[in-house]
Trainee: 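This is the structure I have questions about; it appears just below.
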Amino acid sequence: MSKPLLTADPQAGYLAHAEEIRGAIDRVLAGGRYILGPEVEGFEREFAAYHGGGECIGVANGTEALELALRAAGVGPGDVVATVANTASATAAAIQQIGARPVFVEIDADTMLMSVAALERMLEAMKGRVKAVVPVHLYGQPAAMPAMVELAHRHGAMVVEDAAQSHGASVGGRKAGTWGNLAAYSFYPTKNLGALGDGGAVFTRDAALAAKVRLLRQYGWRQRYVSELPGRNSRLDELQAAILRVKLRHLDSENAMRQSLAARYLKLLAGGPVRLPVTAPGVDPVWHQFAVRTPKRDALGAHLATRGIHCGVLYPMAIHRQPAYADATVKLPETERACAEVLCLPVHPGLETGDVDRVSEEILGWGRS
Ligand SMILES: *Cc1c(COP(=O)(O)O)cnc(C)c1O
């Protein structure tokens with residue numbers, strides 16, 4: 001039996017850089033600073049530079065990055081935040097945790113990202129009550145950023161990009177994460193830039209917003225023991241920051257690997273039994289997932305699993321259908337169709353082109369049977 005293939009493989013990500021990562025861990029252990037020290041500062045500087053300048057604030061995870069970004073953007077209890085329903089429940093959880101209310105915008109049938117036309121309809125229908133828009137760069141495909149930022153700002157809404165799946169992606173040559181007022185990143189181990197534990201960051205080019213996020217992530221302190229704002233504890237730790245500095249150095253080459261695997265899938269599966277992912281013009285995706293579609297998704301997933309190919313389903317249930325956020329009045333047919341049809345094939349830097357050939361042959365064979 002050939003080796004099992006997984007949708008993501010954080011252990012392979014560690015082993016590929018084991019020596020550098022162990023060196024970084026030893027440096028932190030010997031250094032004696034374990035929270036908000038030189039590694040967090042170094043990572044914040046390097047990840048900001050990766051965006052071509054701006055400020056990065058390390059936080060505890062991606063959900064809290066969204067919460068703090070939204071709070072810095074002025075979103076509070078009772079406010080309305082527009083996002084999509086085919087996302088990690090974390091996106092909705094962050095909105096709800098700060099007392100705001102998520103409203104869900106329909107997706108584009110081809111890209112499965114927030115539809116610009118649907119966003120415009122929502123902003124008009126809500127007549128200035130949408131305080132912020134959270135586009136999700138799902139699967140490493142950035143949403144239609146210039147158009148959405150223009151629309152949101154025209155309607156008085158801030159933009160917080162959910163960039164948890166899009167480290168390094170760009171739109172028109174400009175990095176995802178730099179378009180909105182703020183962006184939230186997750187460094188959960190399976191992400192394109194993954195820690196070996198939890199981690200997250202807020203990115204912004206606005207110095208005042210950055211200063212506010214810095215206060216909010218640590219008890220509202222500017223000066224130690226004096227809370228200026230009702231902040232919380234959401235700190236990135238030194239070990240994760242040191243590991244992320246190693247991983248960041250390899251992000252571009254690992255994304256390039258994902259891009260070449262995706263290009264091979266697109267070529268081998270063209271004309272085959274599944275609908276292939278669609279990338280909008282001018283967009284450079286980073287293939288956090290390679291999401292194909294078929295109404296027989298469960299059958300195909302089961303077929304591949306018997307052959308040692310383990311696919312993911314991101315996400316099987318739209319947010320407004322989940323018990324915690326259920327709202328029967330919400331009708332999003334394209335979103336629900338996507339949730340019923342998507343299947344995420346293995347795509348990560350630990351794979352080889354031969355693995356893509358094997359997955360593709362199995363899918364084509366299944367289509368003929
Ligand atoms: C992973 C993810 C998050 C949450 O990040 P955590 O670090 O797990 O809190 C939020 N949004 C999206 C789209 C994600 O993929």
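Counting starts at 1 for both ligands and their atoms, following the listed order.
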Trainee: Step through the shown structure and confirm whether more than 12 heavy atoms of other residues, nucleotides or ligands are within 6.0 Å of CZ on Arg22.
Mentor: no

Trainee: Should the ring pair Phe47 and Tyr50 be called parallel, tilted or perpendicular, given that the plane angle runs from 0 to 90° and is split at 30 and 60?
Mentor: parallel

Trainee: So what's ligand 1 close to, N/O to N/O, under 3.5 Å?
Mentor:
unit_1: ligand 1; atom_1: 5 (O); unit_2: Ser186; atom_2: OG; d: 3.2
unit_1: ligand 1; atom_1: 7 (O); unit_2: Gly62; atom_2: N; d: 2.8
unit_1: ligand 1; atom_1: 7 (O); unit_2: Ser186; atom_2: OG; d: 2.7
unit_1: ligand 1; atom_1: 9 (O); unit_2: Gly62; atom_2: N; d: 3.3
unit_1: ligand 1; atom_1: 9 (O); unit_2: Thr63; atom_2: N; d: 2.8
unit_1: ligand 1; atom_1: 9 (O); unit_2: Thr63; atom_2: OG1; d: 2.5
unit_1: ligand 1; atom_1: 11 (N); unit_2: Asp162; atom_2: OD1; d: 3.3
unit_1: ligand 1; atom_1: 11 (N); unit_2: Asp162; atom_2: OD2; d: 2.8
unit_1: ligand 1; atom_1: 15 (O); unit_2: Gln165; atom_2: NE2; d: 2.8
unit_1: ligand 1; atom_1: 15 (O); unit_2: Lys191; atom_2: NZ; d: 2.6

Trainee: Anything under 30° is parallel, anything over 60° is perpendicular, the rest tilted; go ahead and classify His320 against Phe104.
Mentor: tilted

Trainee: Just by distance, do the side chain of Arg232 and the backbone of Arg217 share a donor-acceptor pair under 3.5 Å?
Mentor: no

Trainee: Using the six-membered ring wherever Trp is involved, compare the ring planes of Phe187 and Tyr185 and label them parallel, tilted or perpendicular (cut-offs 30° and 60°).
Mentor: parallel

Trainee: Could you check Leu113 against Val136 for side chain to side chain contact (heavy atoms under 4.5 Å, CB included), going step by step and ending with a plain yes or no?
Mentor: CA-CA 7 Å; Leu113 302 167; Val136 178; over 6 Å; no

